[in-house]
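Accompanying notes for the structure given below.
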Amino acid sequence: MMNWPQEQCDKALGELRELYRDIEDKSGLEFSTPYQLLVATILSAQCTDVRVNKVTAELFGKADTPEAVIELGEDGLLEEIKSCGLAPSKAKNIIAASRLILSDYDGEVPDELEELVKLPGVGRKTANVVLSQAFGIPAIAVDTHVNRVAKRLGLADGSNVQKVEQELMQRIPRENWAKAHHWLIWHGRQICKARKPDCAGCPAAPYCRYAREQAEAESE
DNA sequence: AACTCGGGGCA
DNA sequence: TGCCCAGAGTT
């Protein structure tokens, strides 16, 4: 796979940042505690943000601490979150993670990547979201959308998430990492879609490797 | 790298 | 119906 000039990547990212300068956070991820954010983020896997918000609104009214959620029990929790995809396994993970938080972390959600990923149901993406949103620790979370966008721009080949994180963090100012996560996802959903990407409506297209390849393919 | 987990929304 | 979703864990 040929390398795509770094200069092009930087221009593309600049265009996207400008395009989404005023984007609002549609998911409303303003939870008051790290624990709430952790639970909400675990639930968000393979489940739309709208559904997660509906579920957490109900859930956190009844239980929003590790102790309370454990008290709810796996069945009780499942009943609350059943409308999220993969709910049974998530309920199990959230209970187990809550117990671990109480036993190993003095009841507080850990604020380090290596510790967060030890929690069941928490992978690299979720951990970075928690670090960034709950603790204000700069991090870029790479999900399927961000990964796809980065791959198409020519930033990385997409096979190594850590590489994508690295490339993005290198090119985006540290103070903008948390916001970049949002607008990269937003772009991946609205324009740089998996199926039919709307390159015609994308301001980064002139600097995008994927767009270039598509154009070349059509001209032949 | 491929595969499974899975309910609900939407075309 | 069929396709998709702001992933993680296992093989």
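Throughout, a chain's letter reflects where its sequence line sits, starting with A, and its residues are numbered from 1. A quick note: this is a predicted structure, and the numbers were derived from the prediction, not measured.
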**Request:** Can you tell me the distance, in whole Å, between the CD1 atom of A:I42 and the P atom of C:dA8?
**Result:** 9 Å

**Request:** Quickly work out the A:N147 CG to C:dG7 C1' distance and round it to whole Å.
**Result:** 12 Å

**Request:** Please name all residues satisfying salt bridge (charged side-chain N to carboxylate O under 4.0 Å, His left out) with A:E175, sequence neighbours left out, ordered by chain then number.
**Result:** none

Polar atom pairs (N or O), protein with nucleotides 6-10 of chain B, under 3.5 Å:
{"unit_1": "B:dG6", "atom_1": "O4'", "unit_2": "A:L86", "atom_2": "N", "d": "3.3"}
{"unit_1": "B:dG6", "atom_1": "N2", "unit_2": "A:Q46", "atom_2": "O", "d": "2.5"}
{"unit_1": "B:dG7", "atom_1": "N2", "unit_2": "A:R51", "atom_2": "NH1", "d": "3.0"}
{"unit_1": "B:dG7", "atom_1": "N2", "unit_2": "A:R51", "atom_2": "NH2", "d": "2.5"}
{"unit_1": "B:dG7", "atom_1": "N3", "unit_2": "A:R51", "atom_2": "NH1", "d": "3.4"}

**Item:** Rounded distance in Å between the P positions of C:dT11 and B:dG6
**Value:** 16 Å

**Most 5' of A:R148 and A:K125 on DNA chain C, judged by nearest nucleotide** = A:R148

**Prompt:** Does a side chain donor of either A:N128 or A:E165 reach within less than 3.5 Å of an acceptor in the other side chain?
**Reply:** yes

**Prompt:** How would you list all residue pairs meeting side chain to side chain donor-acceptor pair (under 3.5 Å) that involve residues 137-147 of chain A, not counting sequence neighbours?
**Reply:** A:H145-A:R148

**Request:** Specify the separation, in whole Å, of atom CG of A:D49 and atom C1' of C:dA6.
**Result:** 7 Å

**Prompt:** Do side-chain atoms of A:D106 reach the backbone of A:E108 as a donor and acceptor pair under 3.5 angstrom?
**Reply:** no

**Prompt:** When the distance from NZ of A:K90 to C1' of B:dC5 is rounded to whole Å, what number comes out?
**Reply:** 10 Å

**Message:** Using the P atom as the point on both nucleotides, what is the distance between C:dA6 and B:dA11, in whole Å?
**Reply:** 15 Å

**Asked** What's the CG-P distance between A:N160 and B:dA1, to the nearest Å?
**Response** 10 Å

**Asked** Given atom CG of A:L43 and atom C1' of C:dA8, what is their separation to the nearest angstrom?
**Response** 13 Å

**Request:** Quick one: list whatever passes side chain to side chain donor-acceptor pair (under 3.5 Å) with A:R171, sequence neighbours left out.
**Result:** A:D10, A:E167

**Message:** With ring pair (Phe, Tyr, Trp, His ring centres under 6.0 Å) as the rule and sequence neighbours excluded, what pairs involving residues 54-87 of chain A come up?
**Reply:** A:F31-A:F60

**Prompt:** Between C:dA6, C:dC3, C:dA8, which one does the side chain of A:T126 approach most closely?
**Reply:** C:dA8

**Sequence-distant partners of A:H187, side chain to side chain donor-acceptor pair (under 3.5 Å), two or more places apart** = A:Y20

Distances under 3.5 Å between protein N/O atoms and the N/O atoms of nucleotides 9-11 of chain C, please, pair by pair.
{"unit_1": "C:dG9", "atom_1": "OP1", "unit_2": "A:G121", "atom_2": "N", "d": "2.7"}

**Prompt:** C:dC5 C1' sits how many Å from A:R189 CZ, rounded?
**Reply:** 8 Å

**Asked** Which sits closer to the 5' end of DNA chain C, A:S89 or A:R195, going by the nucleotide each is nearest to?
**Response** A:R195

Which donor-acceptor pairs under 3.5 Å do the side chains of residues 111-123 of chain A make with protein atoms, sequence neighbours left out?
{"unit_1": "A:E115", "atom_1": "OE1", "unit_2": "A:Y105", "atom_2": "OH", "d": "2.7"}
{"unit_1": "A:E115", "atom_1": "OE1", "unit_2": "A:K118", "atom_2": "NZ", "d": "3.4"}

**Item:** Residues which pass side chain to side chain donor-acceptor pair (under 3.5 Å) with A:E80, listed by chain and number, not counting sequence neighbours
**Value:** A:K62

**Fill in**
Taken to the nearest whole Å, CG/A:D143 to P/C:dA8 is 9 Å

